[in-house]
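Chain letters run A, B, ... following the sequence lines, proteins first and then strands; every chain starts at 1. All values below were derived from every heavy atom in this structure, side-chain atoms included, with hydrogens, water molecules and symmetry-related copies excluded.
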Number of protein chains: 2
Amino acid sequence: MDRLESVILFLIDQTSKTAKRFTQRELDKKGWDITIDQWVLLKIVEESNGLSQNELAEKSSRDGASITRSLDILEKKHYLERKATPEDRRQYKISLTPEGQAFIAKNMSLVNKHRAKSLEGFSSEEIKSLKEMLLRIQKNMS
Amino acid sequence: MDRLESVILFLIDQTSKTAKRFTQRELDKKGWDITIDQWVLLKIVEESNGLSQNELAEKSSRDGASITRSLDILEKKHYLERKATPEDRRQYKISLTPEGQAFIAKNMSLVNKHRAKSLEGFSSEEIKSLKEMLLRIQKNMS
DNA sequence: TATCAATAATTGATATATCATTTAATGGAC
DNA sequence: GTCCATTAAATGATATATCAATTATTGATA
């Protein structure tokens, strides 16, 4: 029977927490006014404009209720907006505002710096294989 | 510039969330009355009896305040207990109760089944290299 | 031994996640 | 067209995470 420190799911969770906490603190120091999860939401919207809230929940692996509340916050900051969908009045299409675009533009290089830091010393083959294994685990757990 | 889906830190977080939600739901169905994070705490105590709360926070990559509250819950369920430390009356040593031991014994095989499921199709070399890469990322982010 | 900085755990305030429920709108089946 | 199950998003209740501040204790130093 394995000790916890060698259980992959435990290590993944631990790595996620460690990296997130580290990055969040660094970004707070730089005067960020949003969380990493909110940033991720902005990036998803940037990459796929006009998604519905359910689609955002799916893409970000989060609960729909949680997305509703994050969108409220990001809308209040004027980083993105809900646009009515004429074909289906129950749903919205979410899109970036110019302020949202500007916020991403201003911070992207800092985020890239952190991503690079997390992978210092990794070869591109390693990164490729790591990605692929993470996806396999996700598939196993769904 | 990479799309989010190929950003390692994003994939790690996503994998962690997916696996945790999946496992939590499965365990809830079996009538578990604790969360995965509480389970992890129990397991840490089982593997290293008599740690202080700060040490538990460190090992579980969680905040001390959060540990305090989880311990309150687990103590109320009589799964573990705080024992006074005579050498330092500020700290406690945390240990499993017989009920805690029994709970682990009863559920361990189910947990192992989920761990195995997450790694279906993985060779032991792959697992070894995945572990090692996760630890390297943690080191990079600390 | 009196003082004071450092430390362990707790507590308060606040933010966010999750599940269940509710509301409004949609789209079949009849 | 009416009924009704389904769906999208919002909301309420509850649990947990984080940070900052607090409380009690320790240990070093003057």
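In this structure, the side chains of B:L71 and B:L56 come closer than 4.5 Å at one or more pairs of heavy atoms. In this structure, B:I137 and A:T18 have side chains that are not in contact, with every pair of non-hydrogen atoms separated by 4.5 Å or more. No side-chain heavy atom of B:L27 sits under 4.5 Å from any side-chain heavy atom of B:W39.
Residues from residues 65-93 of chain B with heavy atoms under 4.0 angstrom of DNA chain C, sorted by number: B:A65, B:T68, B:R69, B:R82, B:R90, B:Q91, B:Y92.
Taking 4.0 Å as the cutoff to heavy atoms of chain B, we find the contact window on DNA chain D bounded by D:dT16 to D:dT26.
Take the nearest nucleotide of DNA chain C for A:D63 and for B:L51: the residue whose nucleotide is more 5' is B:L51. With the nearest nucleotide of DNA chain D identified for both A:N54 and A:Q24, A:N54 has the one nearer the 5' end.
One atom, CZ of B:R62, and another, P of C:dA9, lie 14 Å apart when rounded to the nearest Å.
Atom CD of B:E58 is surrounded by 12 or fewer heavy atoms from other residues, nucleotides or ligands within 6.0 Å.
Between the side chains of B:S16 and A:D13, at least one donor N or O sits under 3.5 Å from an acceptor N or O. Under the 3.5 Å distance criterion, with hydrogens and angles disregarded, a donor-acceptor pair is assigned to the side chains of A:S70 and A:R62.
Taking a cutoff of 4.0 Å between a charged side-chain nitrogen and a carboxylate oxygen, B:K20 and B:D37 qualify as a salt bridge.
In this structure, A:H114 and A:F22 have perpendicular ring planes: the angle between them is above 60°, well past the 30° mark.
In this entry D:dT14 has C:dA17 as its Watson-Crick or G-U wobble partner, both defining distances falling under 3.5 Å.
Residue contacts for B:Q38: at a heavy-atom cut-off of 4.0 Å it reaches the sugar-phosphate backbone alone, with no base atom in range.
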